[in-house]
Amino acid sequence: MIDLKLLQKDFETMSSKLIRKGVDLELIEKLREKSQELKKAKASFETLQALQNSMSKEFGTYKREGKDISELKRRVDANKVVISEALEIQRNADLELETIAMSIPNIPDDDVAHGADESDNEELKKVLTPREFSFTPKEHWELAEQNGWIDFERGVKLATSRFSVSFGMGARLERALINFMLDFNRSRGFAEVSVPALVNRTALEGTGQLPKFEDDLYKMQDLDLFLIPTAEVPLTNLFQDEILASEELPVKMTAYTSCFRKEAGAAGRDTRGMIRQHQFHKVELVTISHPDKSDEIFSEMVECASDILTALELPHRLVSLCTGDLGFSAAKTIDLEVWLPGQNTYREISSVSNTREFQARRAKIRFKDGKKNSMVHTLNGSALAVGRTLVAIMENNQQEDGSITIPEVLKPYLGM
RNA sequence: GGACAGUUGGGAGAGUGGCCGAAUCCGCUACCUUGGAAAGGUAGUGUAGGGUAACUUACCGAGGGUUCGAAUCCCUCACUGUCCA
């Protein structure tokens, strides 16, 4: 959630930043209006309530002293009617404000380039040079089928489209990748955590998936529980409504989970292969950080993800997202895109974001900042998406006969 | 699925209608004491909002209700524990 106090204090700056993100000026003005309205409603309710409280106290004294209370009772009863009206007004204002505020995205950092969509993203650097092929490289689904690693038809049989099944070395490689990534992240100071795959509404509101993106989530039929779209949700919300000691910061965590996404609106995109699945494996990084340290940690997280790709000998590039491509909660995002020779293009394999106070304010994650309590910064990033990493290994390491060489760093994980 | 018990501040734990935002203990912070420390003493110590301030509003699992007034009484729900199937 954006800082409503700041919006009041400096409407011009705040609104221009939100407009950069593509938020309607009208909506922002409405937000300001509502928040002023709420403030007024609160003030008048509280004045009335204070009066009621003091009269009620008097009431007690009167009774103890045996005085006549009928006049006092009349006044108190009259005030009660007015109070309930004021309370009603306040509640409505509160609700309306919340509805708007919760659906407004984070403001981008000033150094994030302005742009409409991914075509305006800026490439920061390339790491490793793609290999030269003496033959036409195949796409991963062809290799997957040829090697018997992944079965797309049987995934559909078991569930529906965009599900797949891994077999043999394909399945073992997935497991090896998960272990390798977790160990790697741990070596960079991220503590391993194992979290639930189902979370409640509050958690998803905390990280920003709700209320706006309910259509992308799998919801349990009779319960207010959802399958996680990313481990970012449970990891970040571990500290929901908590006040951390400043010595505890930063809290650096990594977790492996399955992720579940309906991919609503992705119809027709990446329908082949395992680039866009409804269920996929991912190893995630989340940091709860001191505000002063979040830029530094952001770089560490990007570096961590990039170094995993380098260790796996996968060519990739770093891309800074423009305002139009930035996610709902992010103030700044760097995507890592891995080279896929079969597709002859770079594809996203990791996305590292600094949400600054946005999620902290929603999830009420604070820390003791000397005497007072302040919002932490929260950061998240994939390190990495496992399925896509497997895809990248297949396409980059394919031989002319369709066989695939195993990256050296994974061999110990495969007993090789 | 059923029965009973519980959910209070950083922790333990009291509080059955007004003097309770909440006793007491522990912890924590500051000061005093000391050559230094321990012990002891004194003061302070929840969160969020409004106000220059005095001060004020809300919060005792969540939501509703009764009442002039609710941590306390009533209802619903969630969670925890114990027992039963």
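Chain letters run A, B, ... following the sequence lines, proteins first, then strands; residues in each count from 1.
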Which is true for A:Arg361 with a 4.0 Å heavy-atom rule: it touches a base, it touches only sugar-phosphate, or it touches nothing? nothing
Under 4.0 Å, counting only non-hydrogen atoms across every strand here, what does A:Arg366 touch: a base, just sugar-phosphate, or nothing? sugar-phosphate
How is the base pairing of RNA chain B summarised as a dot-bracket string, given the Watson-Crick and G-U wobble criteria with both distances under 3.5 Å, [ ] for crossing and | for another strand? ((((((((.[[[..)..(.....]]]((((((.......))))))(((((....))))).[[[[[..)....]]]]]))))))).
Taking atom NZ of A:Lys364 as the centre, does the number of heavy atoms from other residues, nucleotides or ligands within less than 6.0 Å exceed 12? no
Can you check the distance between B:U82 and B:U45, where both ends of the measurement are the P atom (answer in whole Å)? 38 Å
Mind checking A:Lys40 for me? I need base, sugar-phosphate or nothing, with any heavy atom below 4.0 Å counting as a touch. nothing
Can you sort out the partners of A:Asn185 under side-chain hydrogen bond (donor to acceptor under 3.5 Å, both in side chains), two or more places apart, ordered by chain and number? A:Thr254
Taking any heavy-atom pair under 4.0 Å as a contact, classify A:Glu58: base, sugar-phosphate, or nothing. nothing
With a strict under 4.0 Å distance from non-hydrogen atoms of chain A, what nucleotide opens and what nucleotide closes the contacted stretch of RNA chain B, reading 5' to 3'? B:G18 to B:G69
Name the nucleic acid region contacted by A:Leu72, choosing base, sugar-phosphate or nothing; use a 4.0 angstrom heavy-atom cut-off, strictly under. nothing
Donor-acceptor contact below 3.5 Å, side chain A:Asn200 vs main chain A:Leu225: no
Can you list the residues that meet the side chain to side chain contact (heavy atoms under 4.5 Å, CB included) rule with A:Leu158, with sequence neighbours excluded? A:Val165
Sorted by position of nearest nucleotide on RNA chain B, 5' first, the leading residue of A:Ser56 and A:Asn373 is A:Ser56
Side-chain donor/acceptor of A:Glu37 to backbone N/O of A:Ala93, under 3.5 Å: no
Counting the atoms with a prime plus P, OP1 and OP2 as sugar-phosphate, which does A:Asp77 contact under 4.0 Å by heavy atoms, base, sugar-phosphate, or nothing? sugar-phosphate
Between A:Arg272 and A:Glu139 (salt bridge meaning N to carboxylate O under 4.0 Å), is one present in this structure? no
Distance, C1' atom - from B:C59 to B:U8, rounded to whole angstrom: 12 Å
Expressed as a whole number of Å, how far does the C1' atom of B:G13 sit from that of B:C20? 16 Å
Using atom P in both nucleotides, what's the gap between B:U67 and B:U72 to the nearest angstrom? 16 Å
Could you work out the separation of B:A71 and B:G64 based on their P atoms and round it to a whole Å? 15 Å
Pairs meeting criterion ring pair (Phe, Tyr, Trp, His ring centres under 6.0 Å) with involvement of residues 358-386 of chain A, two or more places apart: A:His290-A:Phe367, A:Phe328-A:Phe358
Under 4.0 Å between any heavy atoms, over every strand shown, what does A:Ala50 touch: base, sugar-phosphate, or nothing? Just pick one. sugar-phosphate
Heavy atoms only, 4.0 Å cut-off, all strands: where does A:Lys372 land among base, sugar-phosphate and nothing? nothing
Enclosure of A:Arg75 CZ (heavy-atom neighbours >12, cutoff 6.0 Å): yes
Hey, does A:Lys39 reach any base, or is it just sugar-phosphate, or nothing, if we go heavy atoms under 4.0 Å? sugar-phosphate
Closer to the 5' end of RNA chain B via nearest nucleotide, is it A:Leu51 or A:Ile243? A:Ile243
Is it the case that over 12 heavy atoms from other parts of the model lie below 6.0 angstrom from the NZ atom of A:Lys40? no
On a whole-Å scale, what distance lies between the C1' atoms belonging to B:A12 and B:G27? 10 Å
Would you measure the distance from the C1' atom in B:G21 across to the matching atom in B:C79 and give it in whole Å? 24 Å
P-based separation of B:U76 from B:C4 [nearest Å]: 12 Å
Salt bridge (Lys or Arg N to Asp or Glu O under 4.0 Å) contacts in which one or both residues fall within residues 258-271 of chain A, not counting sequence neighbours: A:Glu263-A:Arg276, A:Asp270-A:Arg276, A:Asp270-A:Arg347
